[in-house]
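First up is the structure itself, then whatever we jot down about it.
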There are 2 protein chains.
Amino acid sequence: MPDDPQWKEDYEDAVQKLRDAGLRITNPRMALLKVLLDQKLPCRIEDLHQQVGPQHCDLATLYRCLATFQELGIVRRCFLNDGTSLFEIVSPNREHNHHVICKVCHKVESFDVCVAEGLEPLVRKLGYRDISHVLEFFGICEDCQENESPATAKNLSKK
Amino acid sequence: MPDDPQWKEDYEDAVQKLRDAGLRITNPRMALLKVLLDQKLPCRIEDLHQQVGPQHCDLATLYRCLATFQELGIVRRCFLNDGTSLFEIVSPNREHNHHVICKVCHKVESFDVCVAEGLEPLVRKLGYRDISHVLEFFGICEDCQENESPATAKNLSKK
DNA sequence: GTGAGTGCAAAGAGTTTGCAGTGGG
DNA sequence: CCCACTGCAAACTCTTTGCACTCAC
């Protein structure tokens with residue numbers, strides 16, 4: 001992946017942002033950045049932790065790095081319907097995507113349309129500043145529909 | 001409010017749904033339902049708890065009732081950017097709204113356009129079933145912009 | 001060398017669960 | 001009268017924080 005010129009550009013960009021902010025280029029940060037750049041889709045923090053290598057970076061550090069990256073506009077954090085979050089790299093090279101998330105297996109699919117952007121001016125007109133939005137679709141994916149027993153479909157969801 | 005025919009209809013509907021599901025009509029459930037029907041906007045659970053009267057219903061019960069209501073399609077739960085959730089009654093009499101939520105004071109404003117509904121067929125085409133979506137805007141409201149010191153605006157957000 | 005950054009452990013917030021007691025049907 | 005429902009307290013999950021140590025600059 002690091003051979004990809006686009007990957008490299010995003011990487012350099014992020015490093016520059018850190019430098020500009022007077023922040024240090026540390027191993028955990030670089031490891032995380034590389035993992036983030038390798039993702040095609042937004043990622044749960046546990047997955048990131050797994051990929052960075054749990055021995056290379058503490059979970060607490062991961063949260064701190066991600067918070068830092070978010071402040072610098074390097075990553076976007078997106079809160080899901082189950083209270084957890086996904087993180088994804090922000091890059092002018094990557095489109096602003098929304099996602100379809102399976103309620104059962106948490107698989108994420110990209111969805112390259114953003115109908116919501118057009119509404120932000122309307123929100124601005126209401127007097128709001130620093131506007132962002134969340135648009136995510138939730139459903140049950142084909143695989144999970146098959147694996148789901150007819151019984152569970154009827155039950156009120158319980159463990 | 002209970003004089004409002006629409007209120008009454010929604011109320012009866014919900015009670016019927018409970019009956020149909022073989023669930024009991026209990027005081028906490030009815031108290032919660034009434035409070036929910038009185039809300040004009042989605043509500044944090046602490047607010048609901050306050051309005052029901054903390055002495056009339058335990059927080060745990062409130063969560064359980066809300067989960068039940070959600071299963072029955074009586075309420076919708078919407079997770080916010082800060083990890084908490086808002087609950088709102090689902091009613092054919094009320095439009096499907098989206099909201100603008102102030103990042104600072106958590107004020108919620110209604111926004112009576114839904115651009116996302118049109119995309120659900122696309123998601124269905126991807127093989128998903130039981131589709132729902134979340135579309136919320138976040139920003140800083142006028143009041144909070146005024147009250148914010150120029151200093152905090154520059155700072156990386158910290159307590 | 002020095003302070004920003006880290007790992008570890010402990011705290012915190014919001015939410016869920018186990019269990020014994022209660023009350024709706 | 002019985003079991004679904006509740007209240008209470010404890011557990012759980014995800015995330016943040018405090019503190020002493022470390023390593024980037």
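Here the structure is a predicted model, which is why all the values come from computation and not from measurement. Lettering follows sequence order; numbering is per chain, from 1.
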Hey, which of these two, Arg24(A) or Ile45(B), hits DNA chain C nearer its 5' end, going by closest nucleotide?
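Counting from the 5' end, the first nearest nucleotide belongs to Arg24(A).
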
Where each residue is assigned the nucleotide of DNA chain C containing its nearest heavy atom, which of Thr61(A) and Ala67(B) is assigned the position nearer the 5′ end?
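Taking each residue's closest nucleotide, the earlier one in sequence belongs to Thr61(A).
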
Looking at [N], I'd like to know if its phosphate oxygens (OP1 or OP2) sit under 4.0 Å from a side-chain N or O belonging to [X].
X        : N       : value
Thr26(B) : dT6(D)  : yes
Arg77(A) : dT15(D) : yes
Asn27(B) : dG24(C) : yes

If you take atom types as modelled and just measure distance, does the side chain of Arg64(A) reach the base of dG7(C) with a donor-acceptor pair under 3.5 Å?
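It does, because a donor-acceptor pair links the side chain of Arg64(A) to the base of dG7(C) below 3.5 Å.
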
Please check this pair: side chain of [X] against backbone of [Y], looking for a donor-acceptor N/O pair closer than 3.5 Å.
X         : Y         : value
Arg77(A)  : Ser85(A)  : no
Glu109(B) : Val100(B) : no
His49(B)  : Cys57(B)  : yes

Roughly how many Å is it from [atom1] in [X] to [atom2] in [N], rounded to a whole number?
X        : N       : atom1 : atom2 : value
Leu86(B) : dG14(C) : CG    : P     : 13 Å
Arg44(A) : dT13(D) : CZ    : P     : 14 Å
Leu48(A) : dT15(D) : CG    : C1'   : 15 Å
Tyr63(B) : dT15(C) : OH    : P     : 3 Å
Met30(B) : dG23(C) : CE    : C1'   : 15 Å
Arg29(B) : dG24(C) : CZ    : C1'   : 11 Å
Phe69(A) : dG5(C)  : CZ    : P     : 11 Å
His49(A) : dT6(C)  : NE2   : P     : 13 Å

Output the residues of residues 50-59 of chain A in contact with DNA chain C, where contact means a heavy atom of the residue under 4.0 Å from an atom of the strand; sort by number or write none.
His56(A), Cys57(A), Asp58(A)

Flag the pair Gln51(B) / Cys43(B) as yes when at least one side-chain heavy-atom distance between them is below 4.5 Å, and no otherwise.
yes

When you compare the side chain of Asp13(B) with that of Ile74(B), does any pair of heavy atoms fall below 4.5 Å?
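Side chain of Ile74(B) against side chain of Asp13(B), heavy atoms only: no contact under 4.5 Å found.
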
Give the C-alpha distance, both sets of side-chain angles, the deciding distance and a yes or no for side-chain contact (heavy atoms from CB on, under 4.5 Å) between Leu86(B) and Ile101(B).
CA-CA 11 Å; Leu86(B) 297 181; Ile101(B) 299 151; 4.2 Å; yes

Nearest of dT6(C), dT17(D), dC25(D) to any side-chain atom of Ile25(A)?
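Shortest atom-to-atom distance from the side chain points to dC25(D).
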
Does atom NZ (Lys8(B)) have a neighbourhood of more than 12 heavy atoms from anything else shown, all under 6.0 Å?
no

